[in-house]
Amino acid sequence: MLLTISCTRPEGAAWPASDLGFLLHKNPSRIQTFEQSYGVAHVLYPQAAEERCTSALLLEIDPVRLVRGKSRGAPEFSLAQYVNDRPYAASSLVSVAISTVFGSALHGRCAQRPELAETALPLRIELPAVPCRGGAAEAERVFAPLGWTVDATPLPLDPAFPEWGDSHYLRLELRGTLRLADALAHLYVLLPVLDGSKHYFLDTAEIDKLLRFGAGWLAAHPERTWITRRYLARRHSLVHAALARLAELDDREPEELGAVEENSDDLAAELASATAGFALGPVAGVGEATGESVGDRGPSLAVLRRAAVIGALRGAGASRVLDLGCGEGALLRELVADSGFSEIVGVDVSIRALRIAQRRMRRLPERQAQRVSVRQGALTYADASLRGYDAAVLMEVIEHVDPPRLGALEHTVFGAAAPRAVIVTTPNSEYNALYETLTAGTFRHSDHRFEWSRAEFAQWAGRVGETYGYGVRFEPVGPEDPELGASTQLAVFTRTTEEMGAA
Ligand code: SAH
């Protein structure tokens, strides 16, 4: 795998092009070698002259080491782990190498030539083989808006048999006048995006990387949604969180970045559109526990869940409603649209989520906005101001609470707030077996502390009802399997006792 970076001396410049060596923190006069977890990286300079300097990053990838270094959560054994394109093609491993071998340059640090690090330089970047299923147009679309002149040439499957057509690899050449740190950040983020198959396990630290190295360009990029989605390998919860944070950076609504159209959280459709090229469309959004696909058509689980909750609230004749653990306010938005709900209060412990919820509220017509409010609060502490409402919703919340703290939440909701009705939804763990993307024994969301079977939920609900004087019935929500039940389980608690005296 090879990446070359060339710099030509701008006309009239007082410095030699070989100062590129200072910027990269790599001396042009010798070959340097760096041990990496996946093999060896070499940096050498085919040319280091006054007028022009070229630095080459050469990765010798050891597929066996690559497999051994894999973290938990990586796919199980297969031959493809050993026999693949990694030794030849510029992919996410180049990003890893850029950050480890050219880390200072990527961060724009250069003690010896600080002014040069800040200067846009005439650069040319060449990659002889970049995996890019979307073809040359895709490479053009991600790099060109950043100021690059893009020359992408598809490589034939086999030069001896032109009739076989092109492979999904490109020879990529980028020319532009940019700061070196920006150029490296573009490669760092966009090469894995073009490749589309990240080789390591994704967690939320990936969002931080994306935002750190996307700073200054990603929020304004016309393909930011697609880039974010691909960079995060279509992990919906991560994509959603990243877009929300990008929106915050840009002081824009996440919707404007394409974040919150729940209807499309359908992996199959997404994959199809991603391979078809740039069908940008709305992104999955939802994040929270709802990234599951629910078939090709029809509303997503998140949509069905909100409809079921609203149906249960109407059934309970509720008018003044608490949405406890309201998150970013997706349910609040629907509740406020129904004038049958006269007062709606959202409570959440997360300031970040509340800020997003509040921003959405700001755009409501005055009359609606008056009926809804949000406030911060932890449900594990009783709060007298939550008393006196008709109903409370705990939608996909209990599974975020540590089991030892669940008793405190039960007291806050059923004991202290004690509305006439409480509606609780939570994942049905039995149904997880049907989610192909979910490894056995893992939860639907990294923040879940538990996921219950129908029996476990029924047992919990029965005990809580008995303790606090509520009757309980259950409803399936979302796609339903005759054996495993529905994806989401919903319980409606109805108080059987008269309201106790004021708390
Ligand atoms: N009800 C929303 C959000 C579910 S995500 C929806 O279905 O879309 C779970 C939410 O519960 C998160 O926003 C989290 O911040 C909140 N949460 C978790 N523990 C909490 C606690 N102890 N007190 C208040 N909110 C809590």
Side-chain angles (χ1 to χ4, degrees), residues 204 236-241 243-245 254-255 259-263 265 284-292 299-313 321-336 344-361 372 374-383 385-386 391-417 422-428 443-452 477-478 487-491:
T204 47
H236 292 183
S237 57
L238 293 182
V239 171
H240 182 62
L243 286 168
R245 284 174 59 185
E255 288 93 329
V260 194
E261 259 345 288
E262 268 90 5
N263 271 325
D265 61 335
V286 233
E288 204 24 49
T290 57
E292 316 93 334
S300 72
L301 186 54
V303 169
L304 294 172
R305 192 158 44 216
R306 288 198 296 273
V309 166
I310 290 175
L313 285 171
V321 176
L322 296 168
D323 182 5
L324 304 176
C326 61
E328 297 174 5
L331 180 67
L332 298 176
R333 227 171 17 167
E334 291 188 22
L335 289 172
V336 81
I344 304 146
V345 177
V347 179
D348 203 287
V349 77
S350 159
I351 290 274
R352 187 198 64 83
L354 287 177
R355 230 183 263 145
I356 294 173
Q358 229 156 6
R359 211 157 37 203
R360 288 175 169 172
M361 298 306 137
V372 62
V374 296
R375 77 167 91 116
Q376 198 200 12
L379 299 170
T380 41
Y381 295 91
D383 176 348
S385 67
L386 300 182
V393 175
L394 286 162
M395 185 168 81
E396 306 298 282
V397 173
I398 57 171
E399 65 275 10
H400 289 264
V401 176
D402 279 325
R405 305 290 295 144
L406 204 52
L409 175 139
E410 292 159 19
H411 172 72
T412 303
V413 178
F414 296 90
V422 179
I423 291 141
V424 180
T425 77
T426 195
N428 166 18
F443 295 144
R444 297 185 194 180
H445 188 273
S446 59
D447 189 50
H448 285 180
R449 310 304 156 92
F450 58 84
E451 284 174 3
W452 282 337
V477 181
S487 179
T488 294
Q489 28 189 353
L490 180 149

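Only a predicted model underlies this, so the values are computations on that prediction, with no experimental measurement involved. All ligand and atom numbering here is 1-based and tracks the order in the structure.
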Which of the ligand 1 atoms, numbered from 1, are nearer than 4.0 Å to a heavy atom of [X]:
X: A378; value: 23 (N)
X: L379; value: 21 (C), 22 (N), 23 (N), 24 (C)
X: G377; value: 23 (N), 24 (C)
X: C326; value: 2 (C)

Examine [X] against ligand 1 and note whether any of their N/O atoms are separated by less than 3.5 Å.
X: G325; value: yes
X: V401; value: no
X: D348; value: yes

For this session: Determine, using heavy atoms of A302 and all atoms of ligand 1, whether some pair is separated by less than 4.0 Å.
Result: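 It does not, in that no heavy atom of A302 comes within the 4.0 Å cut-off of ligand 1.
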Problem set entry | A330 contact mode with ligand 1 (heavy-atom cut-off under 4.0 Å) | neither
For this session: Measure from the side-chain N and O atoms of E399 to the backbone N and O of F443, and report whether any donor-acceptor pair falls under 3.5 Å.
Result: no
Exercise. With a 4.5 Å limit on heavy-atom distance, are the side chains of I398 and E396 in contact?
Worked result: no
Any chance you could measure [X], atom [atom1], to [Y], atom [atom2], to the nearest 0.5 Å?
X: R449; Y: H400; atom1: CZ; atom2: NE2; value: 8.5 Å
X: T380; Y: L406; atom1: OG1; atom2: CG; value: 10.5 Å
X: D348; Y: L379; atom1: CG; atom2: CG; value: 7.5 Å
X: C326; Y: R375; atom1: SG; atom2: CZ; value: 10.5 Å

Problem set entry | Per atom 8 (O) of ligand 1, closest listed option by heavy atom (R352, M395, E396) | M395
Problem set entry | For L394, the option from L409, T426, T425 that meets side chain to side chain contact (heavy atoms under 4.5 Å, CB included) |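 Among L409, T426, T425, the one that satisfies the side chain to side chain contact (heavy atoms under 4.5 Å, CB included) with L394 is L409.
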